[in-house]
Colleague: 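To start, I am sharing the structure in question, which I have written as structure tokens.
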Amino acid sequence: MSQLRPHLEEDKFIEQVRYQMKEGYKIAFLEIDEQTLAVAGFRISTCLSSGKFLYIDDLVVDEWKRSQNYGQQLFQWLIEYATNNHCQQLSLDSGVQRFAAHRFYLTQRMSITAHHFSIEL
């Protein structure tokens with residue numbers, strides 16, 4: 001996760017994750033031979049536009065293990081988890097500069113369905 005969120009110090013990361021877990025945030029990971037290869041942070045929520053959905057906050061494959069199907073395996077697990085929890089949709093936001101991630105999401109049959117707007121406060 002530190003490869004995706006390098007701005008977070010370990011103690012602050014743990015504190016933030018614990019806070020988010022109170023709001024339904026979960027972490028799933030793919031581990032082989034006691035080595036974590038891919039991690040996803042996600043939550044299930046409901047909104048008027050999508051109904052019940054699984055939202056992926058964080059999804060990362062170890063930078064030294066990419067293009068070896070680990071991200072696809074974890075992504076498929078997330079789809080199954082969403083389906084088993086009666087979600088109508090799985091969604092995520094991705095930084096505009098993350099071209100390799102966008103290729104991955106499009107390969108997973110995701111569609112670009114919105115623009116995300118934000119303002120710093």
Side-chain angles (χ1 to χ4, degrees):
M1 191 70 83
S2 63
Q3 291 175 12
L4 182 63
R5 308 288 182 220
H7 64 283
L8 294 175
E9 297 171 13
E10 185 176 347
D11 59 332
K12 298 287 186 191
F13 167 78
I14 292 168
E15 180 182 327
Q16 182 66 30
V17 167
R18 286 185 176 145
Y19 178 80
Q20 288 178 207
M21 289 176 86
K22 292 176 186 175
E23 297 178 334
Y25 181 81
K26 299 179 184 319
I27 294 179
F29 59 95
L30 175 63
E31 181 180 81
I32 298 176
D33 297 329
E34 298 183 21
Q35 181 181 12
T36 301
L37 303 171
V39 179
F42 65 97
R43 55 197 155 102
I44 291 178
S45 190
T46 307
C47 68
L48 294 173
S49 63
S50 303
K52 189 174 183 182
F53 64 95
L54 185 146
Y55 182 82
I56 301 172
D57 290 275
D58 314 288
L59 179 60
V60 63
V61 175
D62 184 306
E63 62 187 339
W64 304 108
K65 301 293 184 179
R66 292 184 183 151
S67 300
Q68 297 181 39
N69 205 35
Y70 300 126
Q72 199 273 334
Q73 289 177 54
L74 184 54
F75 192 82
Q76 287 304 311
W77 184 88
L78 290 163
I79 288 173
E80 291 174 24
Y81 187 91
T83 301
N84 291 339
N85 284 276
H86 312 289
C87 295
Q88 286 83 43
Q89 190 176 90
L90 180 143
S91 62
L92 57 83
D93 288 326
S94 183
V96 295
Q97 77 286 1
R98 301 192 67 227
F99 301 115
H102 303 162
R103 281 192 300 277
F104 172 77
Y105 301 139
L106 292 169
T107 300
Q108 302 307 311
R109 300 183 337 265
M110 293 192 85
S111 300
I112 301 169
T113 59
H115 293 283
H116 178 90
F117 296 90
S118 65
I119 187 169
E120 295 291 323
L121 303 176

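Position 1 is the first residue of the sequence, and the numbers go up from there. No hydrogens, no waters, no symmetry mates; every other heavy atom, side chains included, goes into these values. From a predicted model like this one, the values you see are computed outputs, not experimental measurements.
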Colleague: For L78 and F42, work out which heavy atoms get closest and say how close.
Modeller: CD2-CD2, 3.6 Å
Colleague: Does the side chain to side chain contact (heavy atoms under 4.5 Å, CB included) test come out yes or no for Q72 and F104, once each step is laid out?
Modeller: CA-CA 8 Å; Q72 199 273 334; F104 172 77; 4.3 Å; yes
Colleague: To the closest 0.5 Å, what do you measure between CG (L106) and CD1 (I112)?
Modeller: 5.0 Å
Colleague: Please list all pairs passing the side chain to side chain donor-acceptor pair (under 3.5 Å) test where one or both residues lie in residues 78-88, with sequence neighbours left out.
Modeller: none
Colleague: Only pairs at least two apart or in different chains count here, so list each side chain to side chain donor-acceptor pair (under 3.5 Å) that has a residue in residues 12-21.
Modeller: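 Checked against side chain to side chain donor-acceptor pair (under 3.5 Å) - neighbours excluded - the pairs reaching residues 12-21 are Q16-Q20.
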Colleague: If the condition is side-chain hydrogen bond (donor to acceptor under 3.5 Å, both in side chains), which residues does Q89 pass it with, not counting sequence neighbours?
Modeller: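 With sequence neighbours excluded, Q89 shows a side-chain hydrogen bond (donor to acceptor under 3.5 Å, both in side chains) to S50, given in chain and number order.
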Colleague: Can any side-chain N or O of H102 pair as donor or acceptor with the backbone N or O of G95 at less than 3.5 Å?
Modeller: yes
Colleague: Taking all atoms of both residues into account, what is the closest heavy-atom pair of Y25 and G41, and its distance?
Modeller: OH-CA, 3.3 Å
Colleague: Quick check on the hydrophobic clustering: are M21 and Y55 connected, directly or via other members, by side-chain heavy-atom contacts under 4.5 Å?
Modeller: no
Colleague: Measuring from atom CD1 of I27 to atom CG of D58, what distance do you get when rounded to the nearest 0.5 angstrom?
Modeller: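 I27 atom CD1 to D58 atom CG measures 7.5 Å (nearest 0.5 Å).
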Colleague: Pairs in or reaching into residues 35-48: which pass side chain to side chain donor-acceptor pair (under 3.5 Å), with residues at least two apart or in two chains?
Modeller: R43-D57
Colleague: Is the closest side-chain heavy-atom distance between Y105 and I56 below 4.5 Å?
Modeller: no
Colleague: First locate atom CG of N69, then atom CG of L74, and finally report the distance between them rounded to the nearest 0.5 Å.
Modeller: 11.0 Å
Colleague: Under a 4.5 Å cut-off applied to non-hydrogen side-chain atoms, are L30 and W77 in contact?
Modeller: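 No, too far: nothing below the 4.5 Å cut-off.
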Colleague: If every non-hydrogen atom of L59 is compared with every non-hydrogen atom of R98, which pair is closest and at what distance?
Modeller: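 In terms of heavy atoms, the two residues are closest at O-NH2, 4.5 Å.
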Colleague: Tell me which pairs pass side chain to side chain donor-acceptor pair (under 3.5 Å) where either residue lies in residues 106-121, with sequence neighbours left out.
Modeller: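 Every side chain to side chain donor-acceptor pair (under 3.5 Å) pair that includes a residue of residues 106-121, provided the two are not neighbours, is D93-H116.
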Colleague: Could you work out, with side-chain hydrogen bond (donor to acceptor under 3.5 Å, both in side chains) as the rule, every residue matching Q68, not counting sequence neighbours?
Modeller: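 Checked Q68 against side-chain hydrogen bond (donor to acceptor under 3.5 Å, both in side chains); zero matches.
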Colleague: Nearest 0.5 angstrom please: L90 CG to F53 CZ, how far?
Modeller: 10.0 Å
